[in-house]
Amino acid sequence: MFLWVHYADMVIALVQLPVAVVAWWAATGRPSRTSAVAFAMLLGAAVLRLAAGLVLLRWGWEFAGLRLVWVAPALLAAATAHLVWLRPTGRPGRAGAVAGAAGIVSVAAMAQLAGVGAAAVTGVAIVAASAMTYAYRRLPRRPVPAGAGRWRAAVRAAVGVVAVTAATLGLSMASALPARSSMSGGAMDDGGGAVAGHQHSGGISVTELTGADGGDAAVRRFTLTAQAATVRLDSGAQVAAWTFNGVAPGPQLVVRQGDLVEVTLVNRLPGVGVTVHWHGVDVPNAMDGVAGVTQDAVAPGATFVYRFRASRASTYWYHSHEMASVQVRRGLFGALVVLPRDAPAQQDAVDETVLRHTWGDEDGVATLGLAAGAQRRSVPAGRPVRLRLVNSDGKPATFTVTGAPVRVVAIDGTDVHEPGVLPGVRILVGGGARYDVEFTMPDAPVTLRADGPGIVYSPRGDAGPGRAAAEPALLDPARYGTPTATPFAAGSHFDRRFVLRIDERIGFYDGRPAVRYTLNDASFPDVPMLMVTDGDLVEVAYVNRSGQHHPMHLHGHHMLVLSRDGRATTGSPWWVDTLDIAPGETFRVAFRADNPGLWMDHCHDLEHAANGMILHLGYTGVTSPFLTGPGTANHPE
Ligand code: C2O
Ligand code: CU
């Protein structure tokens with residue numbers, strides 16, 4: 001229902017623009033049936049958008065407000081002005097020109113309100129359009145020789161074409177990214193707390209935020225070499241991949257809780273930089289691996305050493321954070337598993353990480369690892385099995401496990417408190433998220449399906465995918481498991497509260513046409529940075545007013561989900577680092593600002609991020625010497 005209203009409203013908004021142009025055209029000429037129809041359509045659009053606003057009230061004022069307060073009334077006013085001043089039988093006059101200009105002004109104002117293009121460009125367009133209208137009306141009115149009507153029509157057409165072209169070019173140019181931008185500058189949002197402010201000199205550089213030294217922790221060393229390689233899918237198809245160590249997905253790194261992990265990144269890719277980001281691990285800021293924010297992209301031939309402590313046992317993954325939308329897709333990612341410190345090694349336990357990845361492009365081949373088909377595994381009855389489900393794509397994927405009673409034991413690197421036994425489970429795993437599932441192998445097949453590819457576990461390893469069993473119920477993490485104490489809760493006093501409204505716009509990003517998902521009406525690097533001070537308790541509301549899922553990923557922190565659509569969570573504390581937000585959903589989350597640095601907060605649908613769906617969380621007094629932008633070697637998105 002939400003999607004229906006959302007897209008219907010969007011279509012009306014899109015139709016509005018050409019209709020307004022026609023209305024302007026008609027207003028500057030002789031009243032005609034065209035002008036009457038155009039005005040009627042403007043009026044109709046106003047009524048429909050008003051209706052859409054009323055329906056959307058069901059999702060809350062955040063969804064309906066813009067339409068009710070601005071869009072529909074503005075349109076209604078413009079259409080009424082036209083109708084009153086330009087009766088279809090009347091004569092064209094200055095009033096017509098004024099009405100035409102009023103129409104353009106209101107449309108431009110709406111476009112601006114809707115976040116289409118920079119205010120400056122819109123302003124120029126308004127002035128230019130009004131001036132042209134006025135000039136046209138002043139054309140000499142001496143007796144017209146035969147043929148002059150055509151001449152006038154040609155002038156009007158030319159003016160229209162020039163205006164539309166200029167506006168389009170202007171919007172495109174205004175969207176160009178600055179050649180260099182620094183995360184130590186730009187607009188800020190204090191979230192209602194004390195003014196934090198950027199520090200331009202002095203302060204602490206992100207490069208100093210390397211964490212405490214290892215002490216006596218065991219050091220686990222790995223080398224990840226980024227290199228091109230051809231990998232083969234189970235279908236036989238070859239993929240020209242970018243890999244770590246020649247394999248895709250990259251090697252699985254397994255460490256014990258408490259270990260000091262030291263990873264040397266070596267770049268042997270031809271002509272492109274690379275980094276490694278430890279997705280879901282709350283590393284010290286200098287180790288976060290974001291090109292242009294916490295380090296420079298590692299150039300071909302160069303190396304970089306990451307060092308951090310694996311303090312929480314769970315499932316994580318790692319991936320490049322330079323040109324991430326391209327590099328992750330091409331294979332620069334892998335799993336990181338942190339085993340519990342003192343859990344007895346269960347010799348016979350099966351522990352498998354299942355990485356779902358789509359090769360090629362968004363509509364490419366979906367696989368588990370490199371297998372698009374159904375894989376078979378042999379697991380003797382009675383064995384404990386843990387499946388670590390990871391979605392490395394941006395779009396959510398549905399995983400189902402059937403054939404044995406299961407428990408969902410961890411989400412995004414945090415154990416679920418008292419996970420109940422389910423007869424089978426269906427989980428919507430958002431982009432970048434992880435869910436760990438456990439079961440005891442029965443004397444019959446257990447099937448894992450992941451929207452296409454799958455794995456069948458059976459005692460002899462010979463069972464194929466049988467007929468799909470009845471779909472198990474969808475897991476609702478807001479109501480699964482039982483509550484337990486948390487360091488803060490919905491009723492806590494928050495030092496700062498932020499609201500992030502997500503919208504869908506058709507426009508330009510970095511000079512090219514793009515569907516943009518904006519955060520508070522802006523795109524990277526213009527989204528105000530969320531400013532905090534070390535120790536703050538922070539609440540963030542994510543309001544998804546767009547028609548797409550957005551897996552919002554905050555680096556360096558775990559967020560406790562407080563409520564969804566106004567309803568408090570009732571199950572186990574639900575901690576996330578990547579929260580999938582469906583169209584129409586509103587989430588409230590909270591976190592303790594206890595890891596100083598400059599941290600990305602972005603959509604993990606990396607195509608969305610590449611179109612500007614990125615902002616940052618900044619701590620007072622922290623600066624970065626690194627720069628991003630087309631004029632640098634750093635492109636974190
Ligand atoms: Cu998994 Cu900012 O990324
Ligand atoms: Cu998104």
Side-chain angles (χ1 to χ4, degrees), residues 6 183 249-250 274-283 285 287-295 297 306 315-329 331-336 355-357 362 390-396 412-413 429-434 500-505 509 514-520 522-524 527 542-559 576-585 587 595 597-617 628 634-637:
H6 169 76
M183 286 313 107
V274 69
T275 67
V276 183
H277 166 62
W278 308 97
H279 185 120
V281 187
D282 297 336
V283 298
N285 196 223
M287 301 295 136
D288 198 39
V290 179
V293 181
T294 63
Q295 68 174 103
Y306 296 94
T315 307
Y316 306 94
W317 62 302
Y318 62 86
H319 61 79
S320 177
H321 223 308
E322 160 67 14
M323 287 166 54
S325 63
V326 175
Q327 297 198 353
V328 176
R329 175 77 72 211
L332 286 168
F333 68 94
L336 167 65
L355 279 157
R356 188 182 189 280
H357 189 74
E362 226 169 66
V390 185
N391 180 1
S392 61
D393 290 329
K395 303 275 177 277
D412 272 11
V429 182
R434 288 91 55 218
L500 291 170
R501 298 175 187 89
I502 301 166
D503 284 296
E504 185 165 25
R505 317 263 188 238
Y509 188 65
V515 176
R516 293 183 306 138
Y517 298 97
T518 54
L519 294 158
N520 291 345
S523 296
F524 175 78
V527 189
Y542 291 101
V543 186
N544 185 0
R545 306 195 291 200
S546 79
Q548 292 283 320
H549 282 253
H550 301 290
M552 292 303 294
H553 173 44
L554 173 63
H555 288 207
H557 303 74
H558 274 76
M559 309 177 276
V576 291
D577 51 62
T578 316
L579 178 63
D580 189 69
I581 307 171
E585 280 185 334
F587 274 97
N595 194 4
L598 293 176
W599 300 100
M600 264 199 158
D601 186 359
H602 65 99
C603 182
H604 221 283
D605 185 324
L606 297 171
E607 319 280 334
H608 297 178
N611 282 336
M613 202 170 171
I614 296 177
L615 81 160
H616 289 78
L617 171 74
T628 65
N634 298 320
H635 318 87
E637 70 290 352

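No hydrogens, no waters, no symmetry mates; every other heavy atom, side chains included, goes into these values. We count ligands from 1, going down the list as the structure has it; atoms in each ligand are counted the same way.
- Note on atom 1 (Cu) of ligand 1: protein N, O or S atoms under 2.8 Å away count 3, no waters included.
- Checked by atom type and distance alone, the side chain of Asp288 never pairs as donor or acceptor with a backbone atom of Thr294 at under 3.5 Å.
- Here the CG atom belonging to Leu615 is positioned 8.5 Å from the CG atom belonging to Asn520, to the nearest 0.5 angstrom.
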Intermediate values then yes/no, side-chain contact (heavy atoms from CB on, under 4.5 Å), Asn285 and Trp599: CA-CA 7 Å; Asn285 196 223; Trp599 300 100; 3.5 Å; yes

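- When rounded to 10 degrees, the angle formed at the Cu ion (ligand 2) by ND1 (His608) and SG (Cys603) equals 120°.
- Checking side-chain atoms of His321 against main-chain N and O of Gly289 turns up no donor-acceptor pair under 3.5 Å.
- Using a 4.0 Å cut-off between a side-chain N of Lys or Arg and a carboxylate O of Asp or Glu, Glu607 and Arg329 qualify as a salt bridge.
- Between Asp503 and Arg516 there is no salt bridge, since no side-chain nitrogen of the basic residue lies less than 4.0 Å from a carboxylate oxygen of the acidic one.
- At least one side-chain heavy atom of Tyr306 sits under 4.5 Å from a side-chain heavy atom of Thr275.
- Note on His550: its N/O/S atom closest to the Cu ion (ligand 2) is ND1.
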